[in-house]
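Scroll down for the structure; my scribbles are underneath it.
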Amino acid sequence: MELNPPQQEASVYIDGPLLVIAGAGSGKTRVITTKITHLIKECGYAANSIAAVTFTNKSSREMKERVRQLIPSKASRGLTVSTFHHLGLTMLRKECKSVGLKSTFTILDSQDSCDLVKELIRDYPLEADTEAKKIQWKISSLKNDMITPEQAMANASLESDYFISKVYHRYQEHLQAYNAVDFDDLILKPVHLLQNNVDVREKWQNKLRYLLVDEYQDTNMSQYELVKLLAGVRGQFTVVGDDDQSIYAWRGARPENLMRLATDYPALKIIKLEQNYRSSKKILRSANTLIANNPHAITKNLWSDLAEGPAIQAVVCQNDEDEAKQCVSMLLHHKFNNRSKNSEYAILYRGNHQARILEKYLRESSIPYLLSGGTSFFAKTEVKDIMSYLRLLVNPEDDSAFLRVINTPRREIGTSTIQKLSNYATSRNCSLFAAIYEFGLEQTLKPKAVSKLRQFGDWLNLLSDNTKRGDLIANVRQMVRDIDYPLWCEEQSETPRKAEAKMENVDELIQWLTRMHEDQDKDTLEDCISHLALVDILEKQNEEEDDDDRVYLMTLHASKGLEFPHVFIVGMEEEILPHRSSIEEDSIEEERRLAYVGITRAQKSLTFLMAARRRIAGELRESTPSRFLDELPKDDIEWMEKGKPSQLSEEERKKRGQDHLANLKAMLTGD
DNA sequence: TGGGGTGATATTTTT
DNA sequence: TATCACCCCA
């Protein structure tokens, strides 16, 4: 398939900074990947001087894959396709000395940093009403806005803000002391480095001579700054985004960054991709009509060449149970009539809790589904355990890893021993690991406890030595054996099946390590581990499980960037789709964009569902149809009411419903 | 150490 | 109303 004229223009334009406004389904990834190959093949750019930046591991993987399809891997060797955070990490690894980090620095995940905040506010029990999660969130917001603790303290007008900035200050001090960074630092530290160090800045500007950024409307302040610093005055970059798909302002994204570019780079060229290759005319018209209710800095007229398509359905159900039931039954009907596969359907909703009831009915009808947004692979205990061992192996000073691992599996080192060890380490201002071998420890601890600790320390030292010399992966496997981890898994699981699943996860982790070790020429364990900490294997697992045919179940947020032939959006009600708090905070526009994102996921058919009554926080409440439904073109929407109580008794209806489902199932399976 | 009882809490989430 | 984190006790 050929590129259309604006796509073509965007992929060959290299005379200066370029902003591509890419409407939903307009083929932006194709433009980016084509442009990368164009830069390498036609414009003489070395692959290793090009960086394409995305937000998620998933999209960066996808982009890598698509580049691979376009040019031989030899030609793209050295090309950077990574997330913002990966790019930041790469820079930090190379420049850690300049920002006061030892090369062994570790990355705290959100759980770790939350624990750290919790620890920090423990000393202020009076202020504990604002709990750790919220404070962590605010610290993160400040960091995304590039506000230093000092600035935050100076700006704080409220007592609570002042408190938060004080915690922020201490938080940063502790990170420094731990030789650790959090996710936000992966962007922020490189930004500060490039701002303050001309040599380093020029070095990176010369290394990365062309930048491409995807989903630009999702960049926050620090990411904007990073791109700007890397691009420099030369301004050789292409950014792609869509202001109508900005749905992450609540976590610091600044969609106005799109237009800010025009100010910062007067030479900015703007190209719009307005042909949609995804949705039927009716679906696209609905999306356009809806989003026209938002103010626009950039006008855009998305059009489609595809068929008119079937009417969009809006189904009013009795209550939330009924809504889920109708949704599943309509899906089943549709599937039967169109002989389609489960994987052609997606059910989208505003909040994760809405998934539960859908799951219930999907299970009842034995429809397999894929729920996105479960516990991430790295949040699983077994993975966290092994990761902590690995982190400790790389950096024995990593206290949080030490604490997690010291008595897992059990080593008969109890809380009181650890408490004393920790006190001692604090007084000597050294790491927990270092404290094990201090002479003074014998005064506070029983000899038995000391010998247990040293036994652990000796083991770790030996393993660490072996790892430096011998085969990395073999040593990791040896470690898992040494600690009898399979046995521990069995003890921790109710069923042998679960223990097995845990060990499979451990194995998956090691396999990832192996792969990384082999193909990304990361020869040291520490490189592998720090990279691994940034990769979400869950996504990978999902993809692998994808080949069986399942209905997709996900939030509207999670659906961005995806497409499905048939889409159901449930909970089209006031206080849910414009969410209640968004109504209160007067941020309807982002909610409208969220609805827009949902609608534009659909290729062929689109169905809205709503419940006339809904259980919210245990209370049955009347609900009003979402205002967004009123904003859609009337002629394209077909309204219907379902689940009206008939003369039949509740029992009878229930039975008929089940019979109906059973019939459908029989038709489908007994085909 | 794990289970049970209790109380708070109820958007969206990636790295 | 349902879930979850947290705490305490055996």
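In the text below, chain A, chain B and the rest are named by the order of the sequence lines, each starting its count at 1.
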Please tell me if the side chains of A/L120 and A/H174 come closer than 4.5 Å, counting only heavy atoms from C-beta onward. yes
Salt bridge (Lys or Arg N to Asp or Glu O under 4.0 Å) filter on A/R621, not counting sequence neighbours, yields A/E575
Which value, in whole Å, describes the distance between the P atoms of nucleotides C/dA2 and B/dT13? 23 Å
note: A/D320, atom CG; C/dA2, atom C1'; distance rounded to Å ~ 13 Å
Sorted by chain and residue number, the salt bridge (Lys or Arg N to Asp or Glu O under 4.0 Å) partners of A/K360 (sequence neighbours excluded) come out as A/E321
When rounded to whole Å, the CZ to C1' distance for the pair A/R615 and C/dT1 reads 7 Å
Checking A/Q223, A/R254, A/K560 against A/D218 for side chain to side chain contact (heavy atoms under 4.5 Å, CB included), the one that qualifies is A/K560
Hits for salt bridge (Lys or Arg N to Asp or Glu O under 4.0 Å) against A/E65, two or more places apart or cross-chain, chain-then-number order -> A/R68
Under 3.5 Å, N/O pairs linking protein and nucleotides 4-8 of chain C:
residue	atom	partner	partner atom	Å
C/dC6	OP1	A/K118	NZ	3.2

Is it the case that the base of B/dT13 and the side chain of A/S110 share a donor-acceptor contact (distance under 3.5 Å, atom types as modelled)? no
For A/H579, the side-chain contact (heavy atoms from CB on, under 4.5 Å) test, sequence neighbours excluded, returns A/R350, A/S581, A/S582, A/E591
* Considering only the C1' atoms, how many Å lie between C/dT3 and B/dT14, rounded to the nearest integer? -> 24 Å
- Message: Does B/dT15 have OP1 or OP2 under 4.0 Å away from a side-chain N or O of A/N57?
- Response: yes
query: Do A/F564 and A/Y552 make the cut of ring centroids closer than 6.0 angstrom?
result: yes
Using atom P in both nucleotides, what's the gap between B/dT11 and C/dC4 to the nearest angstrom? 13 Å
Below 3.5 Å between N/O atoms, which protein atoms pair up with nucleotides 7-12 of chain B? Just atom names and distances, please.
residue	atom	partner	partner atom	Å
B/dT11	O4'	A/H579	NE2	3.3
B/dT11	O2	A/R350	NH1	3.1
B/dT11	O2	A/R350	NH2	2.1
B/dT11	N3	A/S581	OG	3.4
B/dT11	O4	A/S581	OG	3.1
B/dT12	OP1	A/N352	N	2.6
B/dT12	O4'	A/R350	NH2	3.2
B/dT12	O2	A/W250	NE1	3.3
B/dT12	O2	A/R350	NH2	2.5
B/dT12	O2	A/H557	NE2	3.4

- Query: Does the side chain of A/L175 reach to within under 4.5 Å of the side chain of A/L116, using non-hydrogen atoms?
  - Reply: yes
